[in-house]
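Step one of this worksheet: look at the structure below.
Nothing here was measured: the structure is a model prediction, and the numbers come from that model.
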Amino acid sequence: MNRNVILTCAVTGAGDTTGKNPNVPVTPRQIADSCIEAARAGASVAHIHVRDPETGGISHSMDHFREVMERVRESDTDIVMNITAGGGGDWTPDVEDPTRGGPGTDIQTPAQRHEPVGELLPELCTLDCGSLNFGDMVYINTADWLREHARLVQAAGVKPELECFDLGHVWFARQLQQEGLIDGDPLYQLCLGIPWGAEADTETMLAMRNKLPENANWAAFGIGRHQMPMVAQAALLGGHARVGLEDNLMLEKGVLATNGQLVEKATGIIDGLGGRVMTPAETRAHLALRDPSTGRIAGGEA
């Protein structure tokens, strides 16, 4: 069991969830406030997407990312920041012409996906390690795009969180490491329960964990009703965990959640197993992340 758990809160995501739970943050101020709420509830890391304040839909606006980062950094509450770099991969074939993207298609180049990371330099960013039938759409990440993206993240000095939605994604993430595109000990996030990727169960988590490099740090999460069971399972198998309204809208059956409540519930599970949640400062030291207050690697050189 891992007794010192890094707990991430993914506060909003990009899915069509704002009409299902009014606590899902939409504006940059709301998203920043949710990061601060999660930190005060005990989260180590905040993982952020941004949304269009008018529609609640997907946004890639640099101004929105910048406002969230500035509001969180200027607050009196510390938390490790993790910006998504996985947006702009959604593709749905057009009904009339399947060679073209139809409604819901949202494609960005690796350089466009990387722009907020390279400009704002969070401690962490996501790097989604493969393509996937993601519900009724296809999430596109070709191998050459991922190599290009990994180089951009590496040059920026930001640590990538290698998001793996299936076993083949773990294989490719290891390949990136073998090619010298991932610096230091890699950080994996095992993403479970998304149709039609890896299932959210013990056998799948264990299979993916067993394929990780020996020097890997890893976390896992499940979506919906699988969220809290996967918190416990990840800790018991030696990993870290993630919760938040990006992945699950309910505190319990019939009760809508807030990000702070989900963090508190996960913290209680970890405490009940005999573990503890690491502070942001401990997280930076454990993962060798750059401290935004000093510009130095935690415990190391500038």
Which label fits F165 and Y139: parallel for a plane angle under 30°, tilted from 30 to 60°, or perpendicular past 60°?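 If you compare the ring of F165 with that of Y139, the planes turn out tilted.
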[X] (side chain) donor-acceptor with [Y] (main chain) under 3.5 angstrom:
X	Y	result
R3	G238	no
R51	G15	yes
N23	A257	yes
D94	G101	no

Side chains of R100 and P93, heavy atoms from C-beta outward: is any pair under 4.5 Å?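 Of all side-chain heavy-atom pairs linking P93 with R100, none is under 4.5 Å.
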Compare every heavy atom of [Y] with every heavy atom of [X], then report the nearest pair and how far apart it is.
X	Y	value
L120	I83	CD1-CD1, 4.1 Å
V243	L7	CG2-CD1, 4.3 Å
P25	L245	CD-CD1, 4.3 Å
A173	C164	CB-SG, 4.4 Å
H240	A234	O-CB, 3.3 Å

Pair D185 + K159: basic N to acidic O under 4.0 Å: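 No, D185 and K159 are not salt-bridged.
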In plain terms, say whether E123 and R284 are close enough for a salt bridge, that is, a side-chain N and a carboxylate O under 4.0 Å apart. yes
Return the set of residues passing side-chain hydrogen bond (donor to acceptor under 3.5 Å, both in side chains) with D201 (not counting sequence neighbours), or none when no residue passes. T204
Looking at residues at least two apart in the chain, or sitting in another chain, which of them share a side chain to side chain contact (heavy atoms under 4.5 Å, CB included) with S75? I36, T77
Mark yes when over 12 heavy atoms from residues, nucleotides or ligands other than K265 sit less than 6.0 Å from its NZ; otherwise mark no. yes
Checking side-chain polar atoms at under 3.5 Å, does E161 have a donor or acceptor matched by the opposite partner on Q189?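 E161 vs Q189: donor-acceptor pair found between side chains.
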